[in-house]
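Please read the structure below before turning to the comments.
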Amino acid sequence: YESGAFEYAQPSFTRLIKMQNEFYPNQWGLNNTGQNGGTAGVDINAPEAWTLTRGCSNIRVAVIDQGVDLDHPDLATNLLPGFDATDGGDGGINGDCWGNDAHGTCCAGILGAVNNTIGTIGVASNCRIIPIRVTYTQNGNEIWDDDWVVSAINHAWEDDGADVLSCSWRYQSVVAINNEINNALTSGRNNLGCVIVFAVGNNNNSVSYPANSNPDIIAVGAMSPCGQRKRSSSNIWEVNAGVSTDPLGVSCDNEKWWGSNYGNELDVIAPGVFVPTSDIQDSSGYNTTAGTGGNYYQTFNGTSSAAPHVAGV
């Protein structure tokens with residue numbers, strides 16, 4: 001440059017740029033920038049929390065559900081050996097899912113998807129997940145058994161040493177289940193007690209069982225991107241047209257068919273609408289797109305999606 005023969009001179013720098021997980025920008029529950037017409041800042045402050053920790057590998061979270069896609073590229077490295085609490089019908093080996101039973105895979109992704117360069121990021125991406133299958137579908141019916149529920153909870157805290165139990169389902173009140181939940185709450189974590197998280201249900205009514213069965217359970221409802229409890233009356237299009245039956249205003253969604261349960265037992269609400277997460281790979285699960293395009297589902301919803309946010313926290 002000083003010779004005057006060159007217009008400018010500068011080093012050719014090597015730059016190491018961390019790739020962003022493809023669908024992280026859509027995860028308003030982690031970092032709300034106004035996606036889906038929501039309110040910026042209405043989220044769980046995940047990026048701020050991640051400056052302190054993303055969890056640690058000695059923390060175990062049991063996802064008690066329909067099983068998990070054990071080979072999912074966003075989950076596999078965070079999965080510990082799992083358990084099938086069912087009768088073993090239609091798969092379930094090592095906590096695997098079966099057919100289109102994607103519910104557990106979606107919940108696991110919200111909680112602990114690996115922080116890599118694909119898909120989504122889990123709330124606690126450095127923690128480990130224990131996949132436990134407690135139910136499966138067959139001929140259009142979801143199969144449950146009281147013994148399976150008791151066995152799943154017992155295995156999580158007593159055999160697998162889970163610190164946290166994430167349960168995105170409801171059931172009928174059963175004494176044996178109450179007792180096993182209490183065992184986990186008192187005797188888990190070497191008698192410190194497990195953290196147990198249950199979804200409260202999606203009937204726009206009172207909190208469902210088992211979320212309402214024990215005051216030490218963390219009972220989780222669902223909120224919209226605008227920070228309101230998800231209600232069946234909410235409809236952004238009606239509000240935009242000036243016709244709203246929602247006394248608290250717009251709830252940033254167009255899903256009128258469900259509302260988050262509420263009541264005295266409710267502890268907290270968390271993101272539960274338009275939640276991107278992992279899905280069973282290929283065309284199985286909720287997203288039936290063939291190939292890798294089917295590995296993720298962009299609109300998982302309900303208190304089922306809210307509960308793993310809290311379990312991850």
Side-chain angles (χ1 to χ4, degrees), residues 15-36 38-63 68-69 72-80 104-131 162-166 168 189 194-197 199 218 220-227 252 267-279 295-301 303-313:
R15 306 175 190 272
L16 303 180
I17 301 175
K18 184 174 178 61
M19 297 293 291
Q20 186 179 58
N21 299 57
E22 181 180 1
F23 301 120
Y24 171 68
N26 301 335
Q27 292 183 269
W28 70 267
L30 304 184
N31 186 30
N32 193 335
T33 59
Q35 304 94 317
N36 304 305
T39 303
V42 174
D43 51 47
I44 68 169
N45 289 331
E48 294 85 346
W50 289 339
T51 64
L52 302 175
T53 181
R54 291 177 182 264
C56 51
S57 60
N58 64 333
I59 299 297
R60 301 171 170 223
V61 185
V63 175
V68 173
D69 182 351
H72 197 289
D74 238 4
L75 297 173
T77 58
N78 271 352
L79 296 178
L80 294 171
T105 301
C106 290
C107 291
I110 294 169
L111 195 158
V114 179
N115 181 26
N116 46 27
T117 61
I118 60 172
T120 59
I121 306 177
V123 174
S125 59
N126 288 352
C127 291
R128 297 294 178 261
I129 296 170
I130 305 167
D163 301 284
V164 181
L165 278 60
S166 182
S168 292
R189 289 196 305 158
C194 293
V195 176
I196 300 184
V197 178
I218 300 178
V220 183
M223 74 174 181
S224 75
C226 287
C252 302
D267 290 305
V268 64
I269 58 172
V273 185
F274 305 138
V275 177
T277 185
S278 52
D279 196 5
N295 292 2
Y296 298 91
Y297 186 52
Q298 299 295 323
T299 55
F300 191 50
N301 64 12
T303 57
S304 287
S305 63
H309 278 93
V310 174
V313 170

Between [atom1] of [X] and [atom2] of [Y], what distance do you get to the nearest 0.5 Å?
X: Ile59; Y: Arg128; atom1: CD1; atom2: CZ; value: 11.0 Å
X: Asn115; Y: Ile118; atom1: CG; atom2: CD1; value: 11.0 Å
X: Thr117; Y: Asp74; atom1: OG1; atom2: CG; value: 9.0 Å
X: Ile218; Y: Asp267; atom1: CD1; atom2: CG; value: 6.5 Å
X: Ser166; Y: Ile130; atom1: OG; atom2: CD1; value: 12.0 Å
X: Asn45; Y: Asn32; atom1: CG; atom2: CG; value: 10.5 Å

Minimum side-chain heavy-atom gap [X]-[Y] below 4.5 Å:
X: Val114; Y: Leu75; result: no
X: Val63; Y: Pro308; result: no
X: Cys127; Y: Arg60; result: no
X: Val275; Y: Val273; result: no

Provide the closest heavy-atom pair for [X] versus [Y] in the form atom of the first, atom of the second, distance.
X: Leu30; Y: Pro47; answer: O-CD, 3.2 Å
X: Val68; Y: Ala108; answer: CG2-CB, 4.0 Å
X: Gly312; Y: Ala124; answer: O-CB, 3.6 Å
X: Ser304; Y: Asn301; answer: CB-O, 4.3 Å
X: Arg189; Y: Ala162; answer: CG-O, 4.1 Å
X: Met223; Y: Gly227; answer: SD-CA, 4.0 Å

Practice prompt. Only counting residues at least two apart or in another chain, list the ones meeting ring-ring contact (aromatic ring centres under 6.0 Å, His included) with Phe274.
Written response: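 If we apply the ring-ring contact (aromatic ring centres under 6.0 Å, His included) test to Phe274, skipping adjacent residues, there are no hits.
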Worksheet entry | Worked check of side chain to side chain contact (heavy atoms under 4.5 Å, CB included) between Leu111 and Val123 | CA-CA 5 Å; Leu111 195 158; Val123 174; over 6 Å; no
Kindly say whether [Y] contributes a backbone atom to a donor-acceptor pair with the side chain of [X] at under 3.5 angstrom?
X: Asn295; Y: His72; value: no
X: Ser168; Y: Ala307; value: no
X: Ser278; Y: Thr105; value: yes
X: Asn126; Y: Thr53; value: no

Fill in: From CA spacing to verdict: side chain to side chain contact (heavy atoms under 4.5 Å, CB included), Asp163, Val61
CA-CA 6 Å; Asp163 301 284; Val61 185; over 6 Å; no
Worksheet item: Among Tyr296, Phe300, Tyr297, which one satisfies ring pair (Phe, Tyr, Trp, His ring centres under 6.0 Å) with Phe23?
Response: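 Of all the options given, the one that passes is Tyr296.
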Worksheet entry | Steps toward side chain to side chain contact (heavy atoms under 4.5 Å, CB included) verdict (Asn21, Gln27) | CA-CA 10 Å; Asn21 299 57; Gln27 292 183 269; 5.8 Å; no
Worksheet item: In this structure, which one of Ile269, Thr303, Val197 forms a side-chain contact (heavy atoms from CB on, under 4.5 Å) with Val220?
Response: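 By the side-chain contact (heavy atoms from CB on, under 4.5 Å) criterion, Val220 pairs with just one of Ile269, Thr303, Val197: Val197.
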